[in-house]
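Notes for the one structure printed next.
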There are 2 protein chains.
Amino acid sequence: MANEICPVRDVIARISDKWSILSIYALGAYGKLRFSELIHKIDGISHRMLTVTLRNLEGDGYIKRTVYAEVPPRVDYELTELGRSLMQELSGIIGWAEKNGKEILAFRNKK
Amino acid sequence: MANEICPVRDVIARISDKWSILSIYALGAYGKLRFSELIHKIDGISHRMLTVTLRNLEGDGYIKRTVYAEVPPRVDYELTELGRSLMQELSGIIGWAEKNGKEILAFRNKK
DNA sequence: CAGGATCCCCGACGATACTG
DNA sequence: CAGTATCGTCGGGGATCCTG
């Protein structure tokens, strides 16, 4: 499990921050969304962090950003092919968490 | 995507820290390991963080800790049934990352 | 050898204010 | 409406030292 130059660790590290998974999930669940819609779907995220997170995800190729030349400005985001394939995997874990979440919380609280 | 009382977000948040996934993965890949073995498998982890991480994982029921009454002390760790089922899901993402990691890094570096 | 306790740094993140 | 810039805080996590 070497760390340097290990793409796997690198990829996982970028995804497993506080907001990336939720952002990908929102786009996966609702399809194309604009900035202001995203900020409402992702409960608790700040303006700033949504911007930062979207930039990172775009930089890694998970999402596509489209700007419309309108006033007021309109920008929307959607998953790329890569993003959708990642979304598949995330769905697996999310489904797992849905199924086992209660049990885990219960276990944690007793003792 | 409400946050409070959402077991899914809670579970994901606990797993997606810097070392939990790697620890689970190490135990999944190598089976039962003692503390000193784990610290060598997980490249770059500090003594302290391995302790903390293992405590959390144990607290959530992912791993089982066994202490032997020997001198010098001997403690080993292994995945529980819950841990192994999570490991299944993680394997999916890790496999995905292995397959797409190069492409992502390349995309990130070009522009 | 396993692991607790302490100290400390730095980066992630939120709040806020400003632009096109 | 979407995005940038600045600032301050707070806690994750590394280094180190001490115990059984």
Side-chain angles (χ1 to χ4, degrees), chain A residues 1-4 9-24 26-27 30-60 63-78, chain B residues 1-4 9-24 26-27 30-60 62-78 111:
Chain A
M1 298 187 45
N3 49 359
E4 42 275 323
R9 280 182 70 154
D10 190 282
V11 168
I12 303 286
R14 297 270 290 218
I15 289 172
S16 64
D17 62 10
K18 193 171 179 184
W19 300 113
S20 290
I21 293 180
L22 291 168
S23 302
I24 291 172
L27 291 173
Y30 297 98
K32 186 181 295 188
L33 291 175
R34 46 192 302 186
F35 189 89
S36 52
E37 290 169 330
L38 268 168
I39 214 169
H40 290 301
K41 299 291 184 193
I42 306 171
D43 208 87
I45 195 169
S46 68
H47 191 133
R48 188 179 107 83
M49 284 314 295
L50 180 56
T51 305
V52 171
T53 303
L54 290 172
R55 287 292 172 280
N56 287 340
L57 295 178
E58 188 190 5
D60 281 7
I63 65 179
K64 183 157 91 66
R65 177 171 179 265
T66 310
V67 183
Y68 298 91
E70 300 174 3
V71 175
R74 174 192 176 86
V75 180
D76 55 32
Y77 296 90
E78 56 189 319
Chain B
M1 299 188 42
N3 49 358
E4 41 275 322
R9 278 181 71 156
D10 190 283
V11 168
I12 303 287
R14 297 268 291 216
I15 289 172
S16 64
D17 63 10
K18 193 171 180 184
W19 299 112
S20 290
I21 294 180
L22 291 169
S23 300
I24 292 171
L27 290 174
Y30 297 99
K32 186 182 295 190
L33 291 176
R34 45 192 303 186
F35 190 88
S36 52
E37 291 169 329
L38 269 168
I39 214 168
H40 289 303
K41 300 289 183 193
I42 306 171
D43 208 88
I45 196 171
S46 69
H47 191 133
R48 187 179 109 82
M49 284 316 295
L50 181 55
T51 304
V52 171
T53 302
L54 291 173
R55 287 295 171 279
N56 287 340
L57 295 178
E58 187 190 7
D60 280 8
Y62 297 122
I63 64 180
K64 183 157 91 63
R65 177 169 180 268
T66 311
V67 183
Y68 297 91
E70 300 175 1
V71 175
R74 174 191 177 87
V75 180
D76 57 30
Y77 297 89
E78 57 189 320
K111 179 58 193 50

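A quick note: this is a predicted structure, and the numbers were derived from the prediction, not measured. Note on naming: letters A, B, ... go to the chains in the order of the sequence lines (proteins, then strands), and numbering restarts at 1 for each one. Every heavy atom of this structure was used, including side-chain atoms; hydrogens, water molecules and symmetry mates were not.
- Using a 4.5 Å heavy-atom threshold, the side chains of B/V67 and B/R65 count as touching.
- A side chain to side chain contact (heavy atoms under 4.5 Å, CB included) with B/T66 holds for exactly one of B/E78, B/R74, B/R34, B/K32; it is B/E78.
- Residue B/Y77 is classed as a sugar-phosphate contact, given heavy-atom separations below 4.0 Å to backbone atoms only.
- Put simply, NZ on B/K18 is 11 Å from P on C/dG11, counting in whole angstrom units.
- In this entry the distance linking CE of A/M49 with P of C/dA15 reads 12 Å, nearest Å.
- Summarising the geometry, the separation between CG on B/D76 and P on C/dA2 is reported as 9 Å, rounded to the nearest angstrom.
- Heavy-atom nearest nucleotides on DNA chain D were determined for A/H47 and for B/D17, and the one closer to the 5' end corresponds to A/H47.
- For the pair B/L54 CG and C/dC1 C1', the computed distance is 14 Å after rounding to whole Å.
- Counting heavy atoms from C-beta outward, B/L54 and B/L38 have side chains that approach closer than 4.5 Å.
- One interatomic measurement links the two molecules: CD1 of A/I42 to C1' of C/dG14, which rounds to 16 Å at whole-angstrom precision.
- In terms of phosphate contacts, B/S46 brings a side-chain nitrogen or oxygen within less than 4.0 Å of OP1 or OP2 of D/dG14.
- A/L33 places its CG atom 11 Å from the P atom of D/dA2, with the value rounded to the nearest Å.
- One atom, CZ of A/F35, and another, C1' of D/dT4, lie 11 Å apart when rounded to the nearest Å.
- Put simply, A/R34 has no side-chain N or O that comes within less than 4.0 Å of OP1 or OP2 on D/dG3.
- The nearest heavy atom of DNA chain C to B/R48 and to B/E37 marks one nucleotide each, and the one closer to the 5' end goes with B/E37.
- What separates CG of B/L22 from C1' of D/dG13 is a distance of 15 Å, to the nearest Å.
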Carefully, step by step, assess B/Y68 and B/D76 under the rule side-chain hydrogen bond (donor to acceptor under 3.5 Å, both in side chains).
CA-CA 8 Å; B/Y68 297 91; B/D76 57 30; 3.3 Å; yes

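- Distance CG/A/L22 to CG/A/L27: 11.0 Å, rounded to 0.5 Å.
- Among D/dT4, C/dG4, C/dA2, the nucleotide with an atom closest to any side-chain atom of B/P73 is C/dA2.
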